[in-house]
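Below is one structure, written out as structure tokens; the observations come after it.
Note on naming: letters A, B, ... go to the chains in the order of the sequence lines (proteins, then strands), and numbering restarts at 1 for each one.
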Amino acid sequence: MPSKRKATPLVQDAPKAGRASKVSTPGPATPRSVDSDDSDEAGEDSKELNKVIAQNVQRFDISFFPYMLPPGVTDTASIYFQPAQKRDFTDLPLKPDHHNRPLWIDAEPISRPAFLHEYRLTTHSLYAAVSVGLGPRDIISTIDVFLKNRMPPNIVRYITHCGKSYGKVKIVLRNNKYFLETTDPAVLQMLLKDPEIGPCRVQGAEEITTSAPTMAGLAIAGTKNAAGVREAGGSDKSNLNQNQTGRDPTTKEMFTTLNEDDDRNVIYAFQIKDEKVSTVAERCLTLHYPALEEYDFRNDYLNANLEIDLRPATQIRPYQEQGLSKMFGNGRAKSGIIVLPCGAGKTLVGVTAACTIKKGVIILATSNMSAIQWKNEFLKWSNIAPDSIAIFSSENKSVFTGNTGVIITTYSMVSNTRERAHDSAKMMLFITSREWGLMLLDEVHVVPAQMFRTVIGSIKSHSKLGLTATLLREDDKIEDLNFLIGPKLFEANWMELSQEGFIARVQCAEVWCPMSTEFYDQYLQADIRNRLLFCIMNPSKFQACQFLIKYHESRGDKIIVFSDSVYALEAYAKKLMKPYLYGGTGNAERQEILEYFRNSPQCSTLFLSKIGDTSLDLPEATCLIQISAQYGSRRQEAQRLGRILRAKRRNEEGFNAFFYTLVSKDTSEMFFSSKRQAFLVDQGYAFKVITHLKNIETTPGLAFTTPKERRELLQNILIEVERKSWAQEEEKESAALLADGNLFYGLDDKLSRRAPKRRGGAVARRIAGTLKDLGGGQDMAYIEQNKSVNKSVKKKGPHSAFFKAMKRGNERRRQLE
DNA sequence: CACTCCGGAA
DNA sequence: GACGATCCGGAGTG
């Protein structure tokens, strides 16, 4: 373990820590805290505290913050430690001078609203801490300095243990083969005997290497230098567009001195099967020997070097550099994840990493569009030759010309298990058969999905860098990233970035729209599936939306309205005469609308479906209204907010972006909404609740003010609900019926089976629906179908439904046999 | 363009 | 009794 390596100082963090300590409002982080920004009453105490923090922070490079208990509440000190079951630590002895000590938690952040920051100490966070160069003793003593109470011995043991076992096991790629390496023969034996790791070994291929890689002859810039630049970068945040330092602060300063690899020169290793790498990594983690990936790219003479460097004009922001310094902290490339908010320049981080390693790079993006964006960013920020960069997707299969280069592809392209097109297969062979220096994983939170994790195994790369804005999923697979890719190296603080003007300041609000009685009745009566539609189409919600659009348009904002329901999207947009965009919109039309929205002053409002959550780049938008959302998806909420974070106008004085969520009162939307907000609240955003929009009654021209209009609206919704359920049953029936093999018996069978669930009337209607289907009549669809070719109509075509169902039935039967 | 498979959310 | 379910998007292939 490197004893005292000087890590990069955290200049920005120190004053911030002080600010956080000015606690004026007691109480825990309530989701809806009042937005009271700068309460500038810095007492002498906190100034003193600042000093202490500043002194100690310098030695650490993890984003950690103290949080202070409110004055006067000194005797309920509590630390949130992961291994402990209870969260009350009142029985721990307090230090005599505890009032001078804030609590100081060194871990990954789980929640950081305005005044109270909650962090959690986990195995992963400790490993991450050690991986950036902190020894367990450093961690313990630093926490102790700021701790109000004595550290419980079990925590000490826990930290020490994590520190010891860390870094003993490494996964290394050599000559296109994966090896598990360790310097400790006992550990090697232990791993080989492990029932899970043992079988993953390639028999007869073990080896003992005696030549540990040395760092001799490496020109690594000193720490002093790096610190100086960081100082400069930290202080001139306002002039981030000017290249003030006059030199390229990118690669050299990222390295700090290193003095490990001292006397150990025997490495024990055995080869593991390519496809088992993630299994082994997972097992190692559970055995508390996390397998690291480190790439000594400067001493890699086997893989060709890539001619790539950052353009001289490219300026890296301090937080980006901070993240990168974690990755290259010891002169090698460590695998891991960097978390930055949307719009904070994730791509530039990736490009810089590529420029540092200067080997073959493979980039995995989520969509075709983002692949193209990656290419453009590479050309923009770096001097890479245009023929050294290629995109590999279904419509574009070029290869770079030289020995090595950059390949951009999509997850689904690589993880495709089905039969491939000919040149696609050839391309895959090319990709899987060579070694890559760096694998960049964009939107890395998608990787844990079963489909995508195969990517990790099939492409051999020396290091991996995952980038994401929202490191969260609603399932528990996010933890898997720790062994699939590596620890979280860096996470930016949203609030801090917005205070410094790197991303826009956002005002978040939740608007409660009352439900009119007739709608509420229908809502209660409706099937659980259709309930949401009534919430969304709630006339007062519509009015609120209209009002907000009007208000913000008059302020000159560019507005995006999000709706998950395509039906509602269309209804709203048509009624308000605004353009709308959803999945079914053709590509050409899509571009046209986007162009129109971007450039035309006449068009300042755009309606978007889920399509806008990712991949669409709309830097002009400054206001966002959400009229419906996907249940409780925190990720979606964060991504949508991200749409306006990169607002071009963010640097204008006093500029605010707005984020509204419209919620129908007393419906399930309320519950989901609060769930969705959780992540943003954790990031420090305060959601205001607006129960009544000022002057809404006196606003002229609002829709649905008369009972007649509302009745009509309700009628239309009911028709839609009907149509929907009809289409569903049609589908179900034809599917089920064909699966049974006999059309007519099957029909009877189905009907009698499901009859008890519904009343007689339903049965009659269902027969009608089925007959309609068989006969090819489309009368019902006619009502809803207007000039726009609706996707649902396409789907409902008797043809496709019929054959689809038949095929499905056949498939199922074949599988049974 | 049609078909297929997949993800994400309860 | 087993089995299945939703919607809306995306990408790849033919």
Side-chain angles (χ1 to χ4, degrees), chain A residues 364-371 392-397 409-425 427-428 443 445-454 470 472-475 477-478 527-533 536 562-570 581-587 590 608-616 628-637 639 668-669 671-672 675-676 724-725 727-729 731-733 735-736 739-740 750 753-754 757 789-792 794-795 797 799-809 811-812 815-816:
Chain A
L364 290 152
T366 45
S367 74
N368 241 324
M369 213 132 104
S370 99
F392 171 44
S393 67
S394 62
E395 58 207 35
N396 197 334
K397 296 183 181 68
T409 180
T410 59
Y411 287 104
S412 53
M413 197 74 203
V414 177
S415 58
N416 189 3
T417 49
R418 289 195 315 280
E419 203 176 342
R420 290 173 191 281
H422 179 66
D423 29 353
S424 166
M427 192 72 177
M428 265 313 285
E443 308 293 339
H445 55 265
V446 305
V447 172
Q450 197 49 54
M451 189 64 190
F452 293 144
R453 61 165 75 196
T454 60
T470 50
L472 50 87
R473 298 166 64 91
E474 302 304 320
D475 55 18
K477 291 211 185 101
I478 201 79
D527 200 331
I528 204 92
R529 249 197 312 303
N530 300 320
R531 279 191 164 187
L532 221 57
L533 199 57
I536 305 166
F562 274 112
S563 164
D564 254 32
S565 153
V566 177
Y567 172 81
L569 184 81
E570 205 173 336
L581 205 64
Y582 71 108
T585 318
N587 224 332
R590 214 182 271 187
L608 285 180
S609 72
K610 267 196 307 208
I611 193 179
D613 290 357
T614 49
S615 71
L616 255 69
S628 87
Q630 197 175 327
Y631 298 101
S633 172
R634 292 171 294 166
R635 190 188 47 80
Q636 190 185 41
E637 185 102 342
Q639 271 174 346
S668 51
E669 275 190 343
F671 167 71
F672 290 134
K675 246 196 100 157
R676 291 168 59 84
K724 233 165 73 181
S725 67
Q728 269 166 28
E729 303 208 346
E731 179 115 344
K732 248 189 242 163
E733 259 155 38
D740 282 0
K750 285 281 152 199
R753 234 187 290 168
R754 264 198 266 160
K757 273 190 185 169
V789 183
N790 202 313
K791 217 180 182 180
S792 57
K794 263 190 279 167
K795 243 188 214 165
H799 254 2
S800 63
F802 184 85
F803 284 111
K804 210 200 274 176
M806 185 150 76
K807 228 171 187 175
R808 215 178 286 164
E811 272 297 318
R812 207 167 296 156
Q815 277 181 7
L816 285 177

Please state the P separation for the pair B/dC6 and C/dA5 - nearest whole angstrom.
14 Å
Could you give the distance separating B/dG7 and C/dA2 at their C1' atoms, to the nearest angstrom?
27 Å
What does [X] touch in the nucleic acid at a heavy-atom separation under 4.0 angstrom: a base, only the sugar-phosphate, or nothing?
X        : answer
A/Asn368 : sugar-phosphate
A/Lys675 : sugar-phosphate
A/Ser609 : sugar-phosphate

Side chain of [X] - closest among [options]:
X        : options               : result
A/Val446 : C/dG10, C/dT13, B/dG8 : B/dG8
A/Ala449 : B/dG7, C/dG10, B/dA9  : B/dG7
A/Lys610 : C/dC8, B/dA9, C/dG14  : C/dC8
A/Ser394 : C/dG9, B/dA9, C/dT13  : C/dT13

Identify the two heavy atoms, one from A/Val566 and one from A/Tyr582, that lie closest to each other, and give their separation to 0.1 Å.
CG1-CD1, 3.6 Å
Correct closest heavy-atom pair for A/Ser424 and A/Met413 would be OG-CE, 3.3 Å
Could you tell me if the side chain of A/Arg590 sits less than 4.5 Å from the side chain of A/Ile611, heavy atoms only?
yes
Does any non-hydrogen side-chain atom of A/Thr410 lie less than 4.5 Å from one of A/Leu364?
no
Under the 3.5 Å Watson-Crick or G-U criterion, the dot-bracket string of DNA chain B, with | for inter-strand pairs
|||||||||.
Report yes if at least one side-chain N or O of [X] is closer than 4.0 Å to OP1 or OP2 of [N]; otherwise report no.
X        : N      : result
A/Arg635 : B/dG8  : no
A/Ser633 : B/dG8  : no
A/Thr366 : C/dG10 : no
A/Thr410 : C/dG10 : no

Measure [atom1]/[X] against [atom2]/[N] and give the value in whole Å, please.
X        : N      : atom1 : atom2 : value
A/Asp613 : B/dG7  : CG    : P     : 18 Å
A/Met428 : C/dG12 : CE    : C1'   : 13 Å
A/Leu569 : C/dG9  : CG    : P     : 8 Å
A/Glu395 : C/dG10 : CD    : P     : 13 Å
A/Gln639 : B/dG7  : CD    : P     : 17 Å
A/Tyr411 : B/dG7  : OH    : P     : 14 Å
A/Gln636 : C/dC7  : CD    : C1'   : 12 Å
A/Ile611 : C/dC7  : CD1   : C1'   : 15 Å

Could you give the distance from CG (A/Leu472) to CZ (A/Arg635), rounded to the nearest 0.5 Å?
8.5 Å
Name the residue closer to the 5' end of DNA chain C, choosing between A/His422 and A/Ser412 according to the nucleotide with the nearest heavy atom.
A/Ser412
So, using salt bridge (Lys or Arg N to Asp or Glu O under 4.0 Å) as the criterion, who are the partners of A/Asp475 when residues are at least two apart?
A/Arg473, A/Lys477
Hey, are A/Gln639 and A/Asp613 close enough side-chain-wise for a donor-acceptor pair under 3.5 Å?
no
Counting only N and O atoms by type, is there a donor-acceptor contact under 3.5 Å from the side chain of A/Glu474 to the main-chain atoms of A/Ser633?
no
